[in-house]
Trainee: 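Sharing a structure here in structure tokens format.
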Amino acid sequence: MTMEYESNSWIWDGLYYYPHFFGGLMLTAALLGVSTSYFGGIGVFSLPHLWSDCFHKKKCGKKKRVRVYMDGCFDLMHYGHANALRQAKALGDELVVGVVSDEEIIANKGPPVLSMEERLALVSGLKWVDEVIANAPYAITEQFMNRLFNEHKIDYIIHGDDPCLLPDGTDAYALAKKVGRYKQIKRTEGVSSTDIVGRILSSMEDTKACEDHNNASLPRDPLRAIQSKDAHLSQFLPTSRRIVQFSNCKGPGPNARVVYIDGAFDLFHAGHVEILKKARQLGDFLLVGIYTDQIVRFSTLSEFDALEHRGSYHPIMHLHERSLSVLACRYVDEVIIGAPWEVTKDMGQSDPYEVAKSMGIFQLLESPKSITTTSVAQRIIANHEAYMKRNAKKAVSEKKYYEQKMFVSGD
Ligand code: CTP
């Protein structure tokens, strides 16, 4: 790693040395801009390479390029999924990702929170992904496996070291294992879609309990409140190694136009990918400021008041989790973990972008998508019975994984 990166001084120096330093406010509004007909059947598309990192270059010799395939639901995509794809990419040169169809997820796991299109946008936005196959099957059937080998020139099929069982109890990857074309990566501990749904559902219960207490004017049981919150506290241990693994490890080049955008980026979704793409197109280097948990809690209160969900369940993902999700995005070059928001007590009247505006470097970006963190949480709350059922089923297999897990190297 270079001194330039270690010192981090360019982050703030950039304000003075780079003539085109834009400012941006993250807004999540507007519509999906992707043709839905595209995703009707199993569709394949390649993704742009915004940068060729040092690890990638090493592998660009004359040797046959190894193509690996990893599939998944990637519902409520989190840094565990990103880390799985990062590890899969390291097992080959080109990573093809199969995004399982809505119908197959319903049949095997229960209803997904995000649609095919939204999950596809998230997976396509990851820096390690080269190609995406839409509407992939949940199990590696003989027919699909042959398609992977013959049509997509796949050398290995990869999955995490957690068992992936079909409703009849058989292994979804049995065929790939049988023909010796299966490889395994280490599942990332401390996060899962089940856990995220659980965090949202438990805050919903907290909110309800709070409302009941307000209505009944009875003191709330503080122990119960703490227990309920603790049940879904993040188990993630942010290490510097993980941050380095996710990082591009370089600062902006000379005369680069650095674009700065800030926000909460909670429950990283398709709208975030789109706005980051737009912001990156404004310059040569995208620096993203991720607000502290405290700022997010404060700044989202009014939105939740309007929805009658006053409470402290934002952020759902804490600062380090949100930072890794943003860092995994192909349009992002660097993040500030815990960015400031020049906020005063009378936040409503103050403008956090006043300085940037006075310097003439502020630009407002409209999000092309209507999805927001709140709307994703609302989908789960509105359909909470189905998600509770789905979670109960998945929680059993997750518990089993943690009890029986064996170390798998390669992380
Ligand atoms: N994965 C991982 N670490 C996690 C979660 C998922 O390595 N914490 C891996 C899985 O092993 C799989 C891929 O990510 O290879 C896609 O997982 P997915 O099909 O989306 O679902 P789950 O394994 O059920 O994970 P989750 O409950 O988080 O959705």
Side-chain angles (χ1 to χ4, degrees), residues 68-91 95-102 104-116 118-120 122-123 126 128-129 132-133 135-140 156-167 171-173 176-177 182-201 232 234-238 242 245-246 267-269 316-317 321 324-325 328 376 380 387 390-402 404-411:
V68 296
Y69 174 81
M70 179 178 251
D71 59 7
C73 307
F74 304 105
D75 196 21
L76 294 176
M77 208 181 74
H78 48 71
Y79 57 88
H81 292 135
N83 196 35
L85 295 170
R86 180 191 67 77
Q87 293 176 80
K89 175 69 176 254
L91 293 174
L95 172 63
V96 181
V97 182
V99 182
V100 176
S101 71
D102 295 346
E104 289 267 287
I105 301 180
I106 292 168
N108 290 281
K109 283 175 117 176
V113 178
L114 302 179
S115 70
M116 178 74 216
E118 291 164 341
R119 292 181 292 111
L120 211 46
L122 278 166
V123 173
L126 287 176
W128 301 284
V129 178
V132 178
I133 300 179
N135 291 308
Y138 190 79
I140 304 288
Y156 295 104
I157 294 168
I158 300 167
H159 188 261
D161 65 336
D162 50 311
C164 185
L165 302 179
L166 300 173
D171 182 355
Y173 297 89
K177 287 177 183 171
Y182 177 81
K183 284 193 182 188
Q184 206 164 270
I185 52 102
K186 172 87 187 84
R187 187 177 168 88
T188 306
E189 298 190 20
V191 69
S192 66
S193 306
T194 310
D195 169 57
I196 298 169
V197 169
R199 291 187 206 183
I200 296 167
L201 290 175
H232 288 286
S234 166
Q235 301 297 312
F236 175 55
L237 304 172
R242 185 71 77 228
Q245 286 169 334
F246 273 51
L267 278 187
F268 198 74
H269 55 66
I316 292 154
M317 307 298 279
E321 298 177 308
L324 281 186
S325 290
V376 174
I380 296 165
Y387 289 113
R390 182 184 111 165
N391 262 25
K393 202 167 118 191
K394 191 71 204 295
V396 176
S397 62
E398 266 186 21
K399 191 166 171 270
K400 213 164 153 192
Y401 167 75
Y402 282 115
Q404 298 175 354
K405 70 173 176 180
M406 289 193 288
F407 178 71
V408 175
S409 62
D411 183 28

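Atoms within a ligand are numbered from 1 in the order they appear, just like the ligands themselves. Source: prediction; values computed, not measured. All values below come from the heavy atoms of this structure, side chains included, with hydrogens, waters and symmetry mates left out.
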Trainee: Taking only residues two or more places apart in sequence or in another chain, which ones pass ring pair (Phe, Tyr, Trp, His ring centres under 6.0 Å) with Y182?
Mentor: Y173
Trainee: Residues in salt bridge (charged side-chain N to carboxylate O under 4.0 Å, His left out) with D75, at least two apart?
Mentor: R390
Trainee: Would you say D102's side chain and S115's backbone share a donor-acceptor pair under 3.5 angstrom?
Mentor: no
Trainee: Any donor-acceptor pair under 3.5 Å linking the side chain of R199 with the backbone of I316?
Mentor: yes
Trainee: Under the ring pair (Phe, Tyr, Trp, His ring centres under 6.0 Å) rule, collect the residues that match up with H78, sequence neighbours excluded.
Mentor: H81
Trainee: Mind jotting down which protein residues get a heavy-atom contact under 4.0 Å with ligand 1? Chain and number order, please.
Mentor: M70, D71, G72, C73, F74, H78, G80, H81, A84, K109, H159, G160, D162, I185, R187, T188, V191, S192, S193, T194, K394, E398
Trainee: Atom OG of S101 and atom CD1 of I106: how far apart are they, to the nearest 0.5 Å?
Mentor: 8.5 Å
